[in-house]
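Step one of this worksheet: look at the structure below.
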There are 2 protein chains.
Amino acid sequence: MKKLINDPKAVVDESVEGFGLAHADLVTVHPDPLFVSRKNAKTGKVGLLSGGGSGHEPLHAGYVGFGMLDAAVPGAVFTSPTPDAIIPATVAANSGAGVVHIVKNYTGDVLNFETAAEMAQAEGIEVRTVLVNDDVAVEDSLYTAGRRGVGGTVLVEKIAGAAAERGDGLDAVAAIGQRVNDNVRTMGVALSACTVPHAGVPSFELAENEIEIGIGIHGEPGRHRIPMENADGITDRLLEPILADLKPAAGDKVLLFVNGMGGTPSSELYIVYRHAVKVLEAAGLGVERSLVGNYITALEMQGCSISVLRLDDEMTALWDAPVHTPALRWGM
Amino acid sequence: MKKLINDPKAVVDESVEGFGLAHADLVTVHPDPLFVSRKNAKTGKVGLLSGGGSGHEPLHAGYVGFGMLDAAVPGAVFTSPTPDAIIPATVAANSGAGVVHIVKNYTGDVLNFETAAEMAQAEGIEVRTVLVNDDVAVEDSLYTAGRRGVGGTVLVEKIAGAAAERGDGLDAVAAIGQRVNDNVRTMGVALSACTVPHAGVPSFELAENEIEIGIGIHGEPGRHRIPMENADGITDRLLEPILADLKPAAGDKVLLFVNGMGGTPSSELYIVYRHAVKVLEAAGLGVERSLVGNYITALEMQGCSISVLRLDDEMTALWDAPVHTPALRWGM
């Protein structure tokens with residue numbers, strides 16, 4: 001294992017410390033228990049909190065800032081954060097109007113956020129939860145009952161964040177987050193495995209000419225392993241189940257999100273994007289918005305995921321609204 | 001070799017096509033000869049053009065847009081673009097006030113941009129050239145007489161681009177670009193090699209526990225290979241020659257740029273950033289600005305580079321000025 005780290009056990013603490021130093025204008029890092037909160041949030045705004053295992057950067061701390069999250073809780077690598085960190089982060093995210101928890105559907109995350117939500121509510125903070133489960137690859141998975149939450153999470157956080165920023169109430173912010181989740185589908189592919197620092201060996205093995213279709217963001221099993229194919233063929237394999245499940249109508253407007261898993265050059269992501277646009281347009285869809293890059297990763301895994309979000313006018317306007325976070329920024 | 005590509009010979013064309021589709025609001029892709037130009041540039045503004053071998057994305061095409069480049073010429077992977085592409089790109093970048101070529105110091109780039117500059121000047125377009133040679137690793141290299149141009153290029157393009165956007169004349173824009181180059185030093189490290197698509201095998205071999213200090217962005221040799229070290233130790237090894245060469249005075253203000261080579265997670269870059277800040281502050285320097293992420297890469301290489309730019313007030317203001325390109329955006 002070769003990584004730019006010091007102590008494998010200190011990876012998350014040191015990385016978040018560096019992140020806090022680089023983005024001191026936007027975020028505050030609270031070291032113990034570890035969470036990241038936003039500077040200069042409006043009081044009276046609905047708070048947005050997300051979190052989960054580390055190793056998916058820039059998700060989630062990279063999205064703390066204007067128009068997105070108010071706090072994020074990084075767990076250990078690929079390990080859910082515990083309620084003792086989620087609770088103070090919920091308190092930090094609350095400025096009187098309650099807090100929406102955006103939770104990716106993994107058993108540990110669901111349980112720990114649920115416990116924290118109960119504790120926060122006992123302290124008088126209203127909490128709503130949006131559960132993200134956009135991965136069409138498998139119905140149940142290694143760490144999941146039901147579908148996994150993957151790339152769609154970024155879109156939920158952006159759009160719900162914009163709704164909170166414009167002043168929507170607690171239930172409305174949760175409802176728009178839910179609407180994004182209901183209208184987004186994702187599927188990923190791995191060309192290589194990733195290595196969890198404290199494990200020191202790759203999470204799984206792929207043969208020299210083998211790829212895994214439907215991979216999870218922790219390297220957990222997908223649908224099947226197949227021999228390496230070209231980019232257009234892989235793109236077809238990812239889009240087919242997405243469209244079969246989303247069932248968009250001709251004329252629908254969509255956001256196309258091609259996400260890198262961490263070790264894939266952006267040039268390859270654009271090759272995937274190029275073909276994906278053609279497939280969607282051939283299906284009669286209008287690609288109205290797009291996002292291409294490393295936004296929800298699996299350490300240094302090579303591969304990508306494709307997410308398709310069916311847009312309506314309100315979601316489009318909220319997507320376009322200004323955002324200023326370490327990893328996503330426009331309009332300001 | 002596992003990559004998200006179709007035909008290895010079509011990698012650049014297809015990737016730039018996808019890039020153009022994803023960023024159609026900002027850029028126009030000209031397919032033959034291949035170059036990328038900016039939409040909606042002011043007329044009468046000094047034009048900025050850069051280019052070079054592909055494989056370093058988002059450099060250069062990712063920096064075409066408001067406040068940075070007016071055009072970019074992507075060559076084949078790790079191969080200089082030829083004058084027949086640089087000339088029409090220069091014409092496209094010119095809106096009457098002349099064009100500054102920002103050229104990384106590699107023999108092929110220097111010759112081809114020089115030829116193109118002569119041809120453009122023969123057609124009545126004034127051209128100035130800023131040669132970027134910020135890599136302190138080696139004095140001469142595989143593809144270079146003199147030092148290589150690496151991470152500092154991003155900073156030259158941003159700051160000179162802001163000067164052009166505010167209306168500076170041709171010589172003034174070239175001079176500020178030159179000033180950035182004179183005040184920036186960079187050094188990189190590779191933890192793994194990268195594979196050029198049409199070669200199909202890694203450019204070099206590193207043993208399981210070996211890293212290369214002073215690596216170039218094409219995998220060309222650096223200073224020495226050493227056994228794997230921890231992130232803080234590697235950071236020290238990169239910063240020591242940077243500071244020895246830059247010779248900043250206590251109290252100087254600097255921009256610290258930790259750049260990923262393409263296959264390294266951002267979490268690791270922040271671990272490097274964390275220690276680099278401490279080293280610079282211990283040297284009496286003020287880290288006033290920073291940039292952390294994949295901005296000039298070597299395909300899927302694992303590793304990073306560190307650049308330190310000594311700032312003055314004008315450079316800082318130009319750095320802070322609004323920019324809107326596919327890969328760098330703030331203030332708008």
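Order of the sequence lines fixes the chain letters, A, B, ..., with proteins taken first and strands second; residue numbering starts at 1 for each chain. Computed over heavy atoms, backbone and side chain alike; hydrogens, waters and symmetry mates excluded.
Across B/L299 and B/F78, no two heavy atoms sit closer than the pair CD1-CZ, 3.8 Å. Minimum interatomic distance between A/S266 and B/P58 (heavy atoms only, all atoms of both residues): OG-N, 4.4 Å.
For chain B, the nearby part of A/Q302 is the side chain; its heavy atoms alone come within less than 4.5 Å. Within the 4.5 angstrom heavy-atom criterion, atoms from both the backbone and the side chain of A/S15 approach chain B. Both the backbone and the side chain of B/S267 come within contact range of chain A, with heavy atoms under 4.5 Å apart. If you measure heavy-atom distances from B/N294 to chain A, the contacts under 4.5 Å come from the side chain alone. For A/I234, the part lying under 4.5 angstrom from a heavy atom of chain B is the side chain only. For A/M228, the part lying under 4.5 angstrom from a heavy atom of chain B is the side chain only. Heavy-atom distances place no part of B/V258 under 4.5 Å from chain A, backbone and side chain included.
A salt bridge does not link B/E210 with A/K2: none of the charged nitrogens is closer than 4.0 Å to a carboxylate oxygen.
The shortest side-chain heavy-atom distance between A/I215 and A/M301 falls under the 4.5 Å cut-off. For the pair A/L269/A/I271, no side-chain contact is recorded, criterion being any heavy-atom separation below 4.5 Å from C-beta on.
Among A/E208, A/K3, A/E300, A/K278, the residue with the largest count of heavy-atom pairs under 4.5 Å with chain B is A/K3. Among B/A61, B/G293, B/G20, B/A231, the residue making the largest number of heavy-atom pairs under 4.5 Å with chain A is B/A231. No other option in A/G263, A/G262, A/G331, A/A22 has as many heavy-atom pairs under 4.5 Å with chain B as A/A22. The candidate with the highest count of non-hydrogen atom pairs below 4.5 Å against chain B, out of A/N230, A/L191, A/V189, A/N6, is A/N6. Of the residues considered (B/H275, B/H23, B/H324, B/M1), B/H23 shows the highest number of contacts with chain A, using heavy-atom pairs under 4.5 Å.
Relative orientation of the A/Y270 and B/F19 rings is perpendicular, given thresholds of 30° and 60° on the angle between their planes. Below 30°, between 30° and 60°, or above 60°: for B/H56 and B/H218 the angle between ring planes is above 60°, a perpendicular geometry.
The local environment of NZ in B/K39 is crowded, with over 12 non-hydrogen atoms from other residues, nucleotides or ligands closer than 6.0 Å.
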